[in-house]
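The structure appears below as structure tokens.
Per chain, numbering begins at 1; letters A, B, ... match sequence-line order.
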There are 2 protein chains.
Amino acid sequence: MEIRIGDLAKRSGCEVVTVRYYEKEGLMPKPARSGGNFRLYGDAHIERLQFIRHCRSLDMTLSEIRTLLGLRDNPTQDCGGINVLLETHIQQVEMRVAALLQLRQHLVNLREKCSGSRPMEACGILNGLSDSNCHVARSKQSNL
Amino acid sequence: MEIRIGDLAKRSGCEVVTVRYYEKEGLMPKPARSGGNFRLYGDAHIERLQFIRHCRSLDMTLSEIRTLLGLRDNPTQDCGGINVLLETHIQQVEMRVAALLQLRQHLVNLREKCSGSRPMEACGILNGLSDSNCHVARSKQSNL
DNA sequence: ATAGCTCTCTATAGTAGCTATAGAGTCAAG
DNA sequence: CTTGACTCTATAGCTACTATAGAGAGCTAT
Ligand SMILES: [Zn+2]
Ligand SMILES: [Zn+2]
Ligand SMILES: [Zn+2]
Ligand SMILES: [Zn+2]
């Protein structure tokens, strides 16, 4: 049951270079090598890489994933640390959503300042971007 | 009315190195120099840098800002291009919000799989992350 | 004038998570 | 025995900065 790096990558939905990168970063263990110096992987590698890619699809950093893998690899403790990490990650995502929504509102306000087809110096958007008090003014007069 | 790079940075709320970086990237023009080879800036530079920082606070890329500055610098055209750029940017932000909200839902589902204080191999979160069908299964059974 | 201090100069490397490239070697099939 | 697909290592590039080193400029205090 030994597969090479191309198959491993295909099964995990990532690029060959990415697998080597994870190895260099210590997320994937150094695999056995064939006579021709090709990397050889088994079931445990496949599972581990899929775990990593799953975490990445949830936007976890490699550092967070490293922590998760470390916890997973030593089963003597209970899983409290895992829950803490996940909760922290959810909060980070929620903060990013909030920031992006505020940003969107700001951009929409800006868009409404110009309907287009004006000479450049009369563009409401450009003038809004040149106004260094824009953010301040906006939070005074608007309730979002 | 000539100020040095430190004052310029302070007035625009960014770091000195960032100003030099913008110069290297062609967003800020090369300024005059003093006898001691210090950069000397005037009002136009201040306004331009504040414009750039305002755009950055709206999460525009330097490439987008370069385009905006280019349009702004040649006033012979009308401002249609500005509106297009802003509209595109808003759509990108909205797509990122949508992606993050879906991500959040996924993370919340995962969080509910474990209440903590279990031995590592029984952690519902870890097992969820190991399940490569998680995403597929989730979209089948849930309506978000 | 000389010491100390802050500011500025250039050049270089590092951050995250890959992606892209070059140049060489491995291996199975025709 | 050559073609082609795959793999190897090493290196550079991407975004928008941030950090560092080592040197010079310019002002104040002694
Ligand atoms: Zn306009
Ligand atoms: Zn604004
Ligand atoms: Zn758990
Ligand atoms: Zn999932």
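- Each of dC9(C), dC18(C), dC8(D) was ranked by its minimum atom distance to the side chain of R33(A); first place goes to dC8(D).
- Applying side chain to side chain contact (heavy atoms under 4.5 Å, CB included) to C14(A) and the options L8(A), I52(A), V19(A) leaves one that passes, V19(A).
- Atom CE of M28(B) and atom C1' of dC17(D) are 16 Å apart (whole Å).
- Here R56(B) lies in heavy-atom contact (under 4.0 Å) with sugar-phosphate atoms only.
- The phosphate of dC18(C) has OP1 or OP2 within less than 4.0 Å of a side-chain N or O from Y22(A).
- Comparing dT7(D), dT10(C), dG24(D) by their nearest atom to the side chain of F38(A) picks out dT7(D).
- For the pair R20(A) and dC8(D), the criterion of a side-chain N or O lying under 4.0 Å from OP1 or OP2 is met.
- Note on E15(A): only backbone sugar-phosphate atoms sit closer than 4.0 angstrom, heavy atoms only; bases stay farther off.
- L27(B) contributes atom CG, which lies 6.5 Å from atom CG of L69(B) (distance to the nearest 0.5 angstrom).
- Atom CZ in R39(A) sits about 17 Å away from atom P in dC6(D), given to the nearest Å.
- Across the interface with DNA chain C, nearest-nucleotide mapping of G6(B) and S63(A) shows G6(B) to be the residue nearer the 5′ end.
- Counting to the nearest Å, the C1' atom of dG17(C) and the CG atom of L49(A) are 14 Å from each other.
- Residue V16(B) has its side chain nearest to dT8(C) when only dT7(D), dT8(C), dC27(C) are considered.
- Across dC7(C), dT18(D), dT7(D), the shortest atom-to-atom separation from the side chain of T18(B) is found for dT18(D).
- Atom CG in L62(B) sits roughly 6 Å away from atom P in dC17(D) (whole-Å rounding).
- By the neighbour-count criterion of 12 heavy atoms within 6.0 Å, atom CD of E15(B) is sparsely surrounded, having that number or fewer from other residues, nucleotides or ligands.
- One atom, CG of L58(A), and another, P of dG17(C), lie 14 Å apart when rounded to the nearest Å.
- Judged by distance alone, with hydrogens and angles left aside, the side-chain atoms of R56(B) form a donor-acceptor pair with the main-chain N or O of M60(B) at under 3.5 Å.
- Atom P of nucleotide dA16(C) and atom NZ of K24(A) are separated by 12 Å, given to the nearest angstrom.
- K113(A) and D131(A) are not joined by a salt bridge, as no carboxylate oxygen comes within less than 4.0 angstrom of a charged side-chain nitrogen.
- Using a 4.0 Å heavy-atom criterion, one finds that R53(B) contacts the sugar-phosphate atoms exclusively.
- Counting to the nearest Å, the P atom of dT9(D) and the CG atom of N37(A) are 6 Å from each other.
- Distance L40(B) CG to dT8(C) C1': 11 Å, rounded to the nearest Å.
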